Amino acid sequence: MCDYNRTHMSKNLSNLSGRKGLQHNLYELLGNSAEANEGTPNPKDLKRLAKDFLMGRANTYGAASFYDFLKPENKGKKVYYCNGSSCMTAGTQNKVMDKLKSNFKEEEIGHICCLGRCHENSSFHYEGKNYSGDSINQIDEIIQQKTKVADAYTIGHSGPQILTGNDLTLDEVKNTLKDIFRKGRETILSDIKASGLRGRGGAGFPIGFKLESAKNTPSDSRFIVCNADEGDPGAYSDRYLMEFQPMKLLLGMLIAGYVVGAEWGVLYIRFEYPESLEIINKAIETLEKENLIGENILGSDFSYFFKTIKARGAYICGEETSLLSSIEGQRAEVRVRPPYPTQEGLFNKPTVVNNVETLACLPFVINHGGEAYKSIGRGKSTGTKLVSLDGFFNNPGIYEVEMGTPFQEVIENLGGGLKEPIKAMHIGGPLGGLVPKEKWGDLTVDFESFAEHGFLLGHASVVCIPMDFPLVKYVQHLFQFTSDESCGKCFPCRLGSKRGAEMFEKAQAGNYSIDEELLTDLLTTLETGSLCALGGGLPLPIKNALQYFRNEFEPYFSKNHIAV
Amino acid sequence: MNYPTDPKYSKEEWDKLSKAFIDGKPFVMEKGETILNFVRRYKEKGLVPTLCDAPNLEAFGSCRVCSVEVALTENGPTKTMASCHTPLNEGMYVYTSTEAVKKLRKNIIELVLTDHPLDCLTCEVNGNCELQTVAAQVGIRDVRYPKGENHQDCDKDLSHPYMTSDFSKCINCYRCVRACDEVQGQFVLSMAGRGFDAHIVKGDNVSFMESDCVSCGACAQACPTSAISDVYQSKAIIAEKTTRTVCTYCGVGCNLEVSTTSNKILSIQAPYEAEANAGHTCLKGRYAFQFYNHPERLNSPMIKRNGEFEKVSWDEVYEFLANKFTTIKSDYGADAIAGISSARCTNEENYLMQKFIRAVIGTNNIDGCARVCHSPTALGMQRTFGTGAATNSIEDIDHTECMMVIGANPTAAHPVTGAKIKQRALKGKTLIVIDPRKTELANLADYHIALRPGTNVAVLNMMLRYIIDEGLVDESFIETRTEGFEDFKANLLKLDLDEMAKIAKVDKELVRKAAIAYAKSSAAMSFHGLGVTEHSQGTFTVMQIADLAMITGNIGRKGVGVNPLRGQNNVQGAADMGVQPHQGAGYLDVTKPDIIKKYEDFYDVKMPGEIGYKIPEMFEAAIAGKLKALWIIGEDVVQTDPNTQKVIKALNSLDLLIVQELFMTETAKHADVILPGASFLEKSGTFTNGERRVQRVQAAVEPIEGTKPDGQIIVDMMNKMGYAQPDYDAATMLEEISQIVPFFAGAKWDTLGDNGKQWPILPDGTDTKILHGETFRRGKGKFYYYDFKESEEITSHGKDYPYIITTNRDLEHYNCGAMTRRTKNVEIHTEDVLWINPKDAQAKGIVNGDLVCVESPRGKVDIKAFVTEGVNEGVLSTTFHFPEIMVNNITSDVHDSEAKCPEYKVVSVNIRKARKTHMRKEGELV
């Protein structure tokens, strides 16, 4: 049988975008046009950019329509309230909406999914800045630019400090760079491999393998991409790192770049984190001034540049292949693997994509040695982990704990216990497990423990669900979230999440009883059939909810279909 | 793994092979294949159903219906995986039909049906819908979900003459989007929105007509439902039969599948397994077929009496012609008669025509349209390599690292090959374009050398020189495979690079970089078109392109070579068959006694031994009174040959002009006798495409009443003139050809197969994909050096006529447009326009849409201005698809010094805003 052109990948748009390089970036230009045109690129710009990049008008139009803060519906929006799960379960947003409505027209108010202010909720975004907690009460002053309100949360730790504590000084950055140039790429790579450092984005894939694969893939150029699209509601540890530990992150990217021979480090930072973007950009400027990035750094043969990309609102961009398409100015649709990004990534070139927290660990690994890093933690989960605690805790904040730390210790000793009784914690983002109270004591903070108990460590974010919050409503929210955020490519996720949301919506409206067999079929279809972890991961919390809180669902199920 | 499931392997061989398992049984795997590919090689298609998969597209993984369970050990723990994009590993256990995957597939299809109208019985693709098929395969009975939001209220798009859409039928499989991207490279389609709202858009959410769609139909063919279709409802299953044949337009030679019912053509699709076009074709091949039964088809022989055409019977016209030929021959000799055969006709018909002229009339006055297009290619490549044909194949584009496109606009004129080149460039392979116009490929090129028309030789000499200067010559190739290099090099070293750059108006550095890119590439392939040949130095330019290939060792292997983009569907074949005044069938020299004897023995008549007239010489001879009768088949010389007034004068000087045509063309109007021929859809035979592929043309319908296959008309005349020739039949004619044309020795109708064979075809039927592998046809490749010489057109007229106009083609129309203007293509592309640089336009007070009077020493025409950066200052460009313009009133009769191909590409003109404000209407005097 003739196999036509299946031997080479079609990535025409990636290639066309890549021809212009990172300095003339399509995604950035789309964003610029949106900012200059009340929130959505004007049609003329879309046409011009398509022509400029030798793409079709459909490509720029289709790309713009994908992102919350580029799509035509965003036009004229002035203020956005957070509709993420943390603010939802905290029950703060009705008041926020009411206050906003008295200051803005209905059509000027949009929503935004999670500003990383989960520690104090009541979050909203106005004119490029985030507000939370008590700020809504000062909305008039905010509009009149009379006040600047910063948020505050606890930063704590219970063991070794790798990611908390002081950020690196410029001297420390310089010395580490000198050190890696002296040791050479092979030594650095083997040190990183020895550390057992695994990706903190959720999948837990060892970073050493990614670096090695990208390094060994023949190519004329390579990229390091930092996934700073921390979209999981409840998580704000990457935001913390970018805002308080920028040098650790940037040095981590430099180290990764040096190992694979990349010339560019790209930081894809959420639209929802304007402060992070600003701080990172300043840190890059500082490194530039100190000649710690650029051509032939410190006289070595290593040249490295940073590019920050301001994301435009799409949860799916946390998925690495979508993120790469997004940087290219394409629709952020999930790509099939293989080829893996380390083989064909950004602009079809070998690319290492890692999460903020993972990359920020690298300076420690280099400065203390891979073995030292490996000695921290438990088993295959080496090192420490940042945990994000939401506003239901007495001490909401970011805590660095050694992998293997009992979860109960985090709740009690670090979080200071809970303000009110809650029935479950949703840990690790919307696709993480829904952990009922009775299971908290069984867990330790590491990949294996969570997996063994049928949950997911993920990004170790914690969203509490209070006793009075119906899980039926929460499950509908999860389906709806997925339906809104699905890239739309694979059938199970695009259609299944919508149908799931409709089933629960109709059931709550009282005119439909859920066929439990159908629901089970739907969850299995999503779980086994989806292309990526969005559709594939959605069933986990829902199955947890059905398992541990069955009584809440029974009234909505039809009687004649009892699952076996 | 201890038993061979395939008896073709011995136990020993079997044990050594890499294997994987399908439902428990071992099968031999191929390296790098996907699970789906593996299963499909051994099992029936329905075993693993698919929706988003398509034969000519990359694996995509959206529908997930192809999911299978995979284990690493027998009955070990399994994982569900989409088979279309998961690579197969050795020893994998693939379970195609477990209860779990069967249920998964069913549940996915159920979800699809929640957003799909359930009106199969009234749908145009009922019975040929992949969703319908898969739904039946997975055994879906009902949709259990409550009625929810859907996309079933989409409006149909009926804006376009060919393309239609009804997105309520769309299942979001992206096959159309991917076809537009991966096959055509046009990027007209994309998704818009996100999540459940994701939906297909054309352009920036416009209709097909308003979009940049090139109507190739790849999306419609790719669509598994009727979401995108065409006005012919190509996917409907109402056809009684389908016929595989070959397109009659350009030299790509697309295979077509023609659906017919009751002797009427319903629609045309492109077969996926076609080697020439792999499921793709363009709007001419797929949609522009309505001309075949257009009311204006000539449907009776006619004789002009008292200035009026009178319909006559075939018997009468044959009688009339036989008498005329006999009289002219006896009064003026055989050389007073000539024939122009048609590259649109089959090999067999061309062979018959040259046989008629040579063996029945007794003259070598036979020529074809290759004279006005690729005659310099045939001659130049014969001189350098020994064979006047493409050295490589279309599929070599998949293996090349660098493409040089010179004087060709393949995305318009050879759309399928153009799309393939474009795809390769989009993969990041180097593209060099040498062309005065900013063509679609030029936009995409790494190096676009926008030279002044007529200076190809200057630029190519520069490139050759830079390659020498940079030390990038392939010394061992030159040493072992070529001759004449030292002289060649010595001449190049004398070249004044600055002067050449000035002459060609090019940036020296750009030329140098392009030369280096070509020379450094591990496999460089060149493509050239009429922008090379239709020049006074056309043959020399072809030889230089060949020099470039030889100097860098880019000959005789995959992904390299010199590849002329042959213009007409069978222009290669016409020359192969002897439609040339100096070479008979098989390129044999008609002046050599041994060859004459060979032909005489074969035809059993006395054969002429003098070289006959080339087309321009026929016109000269007619004007001079030496040529009395001319039989033209399927060529509109009045509209398409240069210097129209001279052509008309020549035709009017004849005693007998016979025009065998489909339509009353500008040339036919001047005829004394009209013979109504048949279109490619109505007859059988073979066409030879630009990569020497001899393919079967098979009649899809009967010739319309009153017409005959052109071959039969010639046969009838041969018999009428006393030469016994059996009735026209593709198989028996090809048999005769195979006995006289050496490189057709193994070409037999019954064994050509669906994809034909590339000549030389050896007696045992083996064909040839790549020429000159070990040695050149002429032994060693020969380097010839030629200095740039300014065209006489410029030296004589350049001062008074300071602009240069160059002519070209548009995608939607084919040459004189006799066929395409009688299809809905005219609704897409309505007229010829004049490309003019904004600065020139401004200087002459011309704005977009103004009529511009373009005047040359031969005459003047008015053309509508299209102001564009696509041409440099001083350069103009236009097409001659429409008889309203008759651009060839201004073209010159300067010819290539060697092959006599006219210089259509360099015409000295002056321009001004026209006094008229409307175009000439058809029938109005020129």
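Letters go in sequence order (proteins before strands), and every chain restarts at 1. All values reported here derive from a predicted model rather than from experimental measurement.
- When the candidates A:Arg337, A:Lys71, A:Glu485 are compared by the number of heavy-atom contacts under 4.5 Å with chain B, A:Glu485 comes out ahead.
- Ranked by non-hydrogen atom pairs under 4.5 Å with chain A, the options B:Ser211, B:Pro146, B:Cys180 are led by B:Pro146.
- The distance from the CG atom of B:Asp212 to the NZ atom of A:Lys51 is 10.5 Å, given to the nearest 0.5 Å.
- In this structure, the portions of B:Cys173 lying under 4.5 Å from any heavy atom of chain A include both its backbone and its side chain.
- Of the two parts of B:Tyr174, only the side chain, counted from C-beta on, holds a non-hydrogen atom closer than 4.5 Å to a non-hydrogen atom of chain A.
- Salt bridge status for B:Arg144 with A:Asp515: absent, with no side-chain N to carboxylate O gap under 4.0 Å.
- Put simply, the side chain of B:Leu426 does not reach to within 4.5 Å of the side chain of A:Arg19, judged on heavy atoms.
- With hydrogens and angles disregarded, a donor-acceptor distance shorter than 3.5 Å links the side chain of A:Asn12 to the backbone of B:Asp181.
- Expressed to the nearest 0.5 Å, how far CZ of B:Phe187 lies from CG of A:Leu54 amounts to 9.0 Å.
- Heavy-atom distances place no part of A:Leu526 under 4.5 Å from chain B, backbone and side chain included.
- Contact of A:Ala314 with chain B is made through backbone and side chain together, with heavy-atom distances under 4.5 Å.
- Counting all heavy atoms, side chain and backbone alike, B:Arg64 lies closest to A:Ser530 at NH2-O, 3.6 Å.
- Closest approach of A:Val336 and B:Ala59 over heavy atoms only: CG2-O, 4.3 Å.
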Practice task
Evaluate the criterion side-chain contact (heavy atoms from CB on, under 4.5 Å) for residue pair A:Thr524 and B:Leu104; output intermediate values, then yes/no.
Solution key: CA-CA 8 Å; A:Thr524 311; B:Leu104 174 63; over 6 Å; no
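- Note that CG of A:Asp521 and OH of B:Tyr145 are 7.0 Å apart. Values are rounded to the nearest 0.5 Å.
- In this structure, the side chain to side chain contact (heavy atoms under 4.5 Å, CB included) partners of B:Asn205, at least two apart in sequence or on a different chain, are A:Tyr61, B:Val201.
- Residues A:Thr60 and B:Asp204 are not in side-chain contact: their nearest non-hydrogen atoms beyond the backbone lie 4.5 Å or more apart.
- Put simply, NZ on A:Lys498 and CG on B:Asp115 are 10.0 Å apart, with the number rounded to the nearest 0.5 Å.
- In terms of non-hydrogen atom pairs under 4.5 Å with chain B, the most contact-rich of A:Asn348, A:Thr528, A:Leu531 is A:Leu531.
- Only the backbone of B:Val188 comes within contact range of chain A, judged by heavy atoms closer than 4.5 Å.
- By the side chain to side chain contact (heavy atoms under 4.5 Å, CB included) test, A:His111 is found to be paired with A:Tyr81, A:Asn83, residues two or more places apart in sequence or in another chain being considered.
- For the residue pair B:Gly148 and A:Glu502, the shortest heavy atom distance occurs at CA-OE1, 3.3 Å.
- Distance check, rounded to the nearest 0.5 Å: CD of A:Glu333 to CE of B:Met191 gives 7.0 Å.
- Residue B:Ala100 does not touch chain A at all, counting heavy-atom pairs closer than 4.5 Å.
- A:Ala58 and B:Leu189 get closest at one heavy-atom pair: CB-C, 3.8 Å.
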Exercise for the section: Tell me, with the steps shown, if A:Arg499 and B:Phe196 meet side-chain contact (heavy atoms from CB on, under 4.5 Å). Expected result: CA-CA 10 Å; A:Arg499 298 302 170 225; B:Phe196 184 74; 3.7 Å; yes
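- Among all heavy-atom pairs drawn from B:Arg194 and A:Ser486, the shortest one is CG-O, 3.2 Å.
- No more than 12 heavy atoms of other residues, nucleotides or ligands lie within 6.0 Å of NZ in B:Lys520, so this atom counts as exposed by the packing criterion.
- Between A:Thr525 and B:Ile108 there is a side-chain heavy-atom pair separated by less than 4.5 Å.
- Heavy atoms of B:Lys106 lying under 4.5 Å from chain A are absent altogether.
- Within residues 489-496 of chain A, the residues approaching chain B closer than 4.5 Å by heavy atoms are, in numerical order, A:Lys489, A:Cys490, A:Phe491, A:Pro492, A:Arg494, A:Leu495, A:Gly496.
- Shown here for A:Ser65 and B:Gly193, the closest heavy-atom pair between the two residues is OG-N, 2.7 Å.
- Among A:Val334, A:Leu522, A:Thr482, A:Leu46, the residue making the largest number of heavy-atom pairs under 4.5 Å with chain B is A:Leu522.
- The local environment of NZ in B:Lys438 is sparse, with at most 12 non-hydrogen atoms from other residues, nucleotides or ligands closer than 6.0 Å.
- Only the side chain of B:Glu110 comes within contact range of chain A, with at least one heavy atom under 4.5 Å from a heavy atom of that chain.
- Residue contact with chain B, scored on non-hydrogen atoms closer than 4.5 Å, involves the backbone and the side chain of A:Phe66 alike.
- The parts of B:Ile171 that come within reach of chain A are both its backbone and its side chain, each placing non-hydrogen atoms under 4.5 angstrom from that chain.
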Give every donor-acceptor pair under 3.5 Å between a side-chain atom in residues 441-448 of chain B and any protein atom, sequence neighbours left out.
| residue | atom | partner | partner atom | Å |
| --- | --- | --- | --- | --- |
| B:Asp446 | OD2 | B:Leu431 | N | 2.7 |
| B:His448 | NE2 | B:Asp435 | O | 2.9 |
| B:His448 | NE2 | B:Arg437 | O | 3.3 |

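- Contacts of B:Lys147 with chain A are made by backbone atoms alone, with heavy-atom separations under 4.5 Å and no side-chain atom involved.
- Each of B:Ala82, B:Ser62, B:Ala425 has some count of heavy-atom pairs under 4.5 Å with chain A, and the biggest count is that of B:Ser62.
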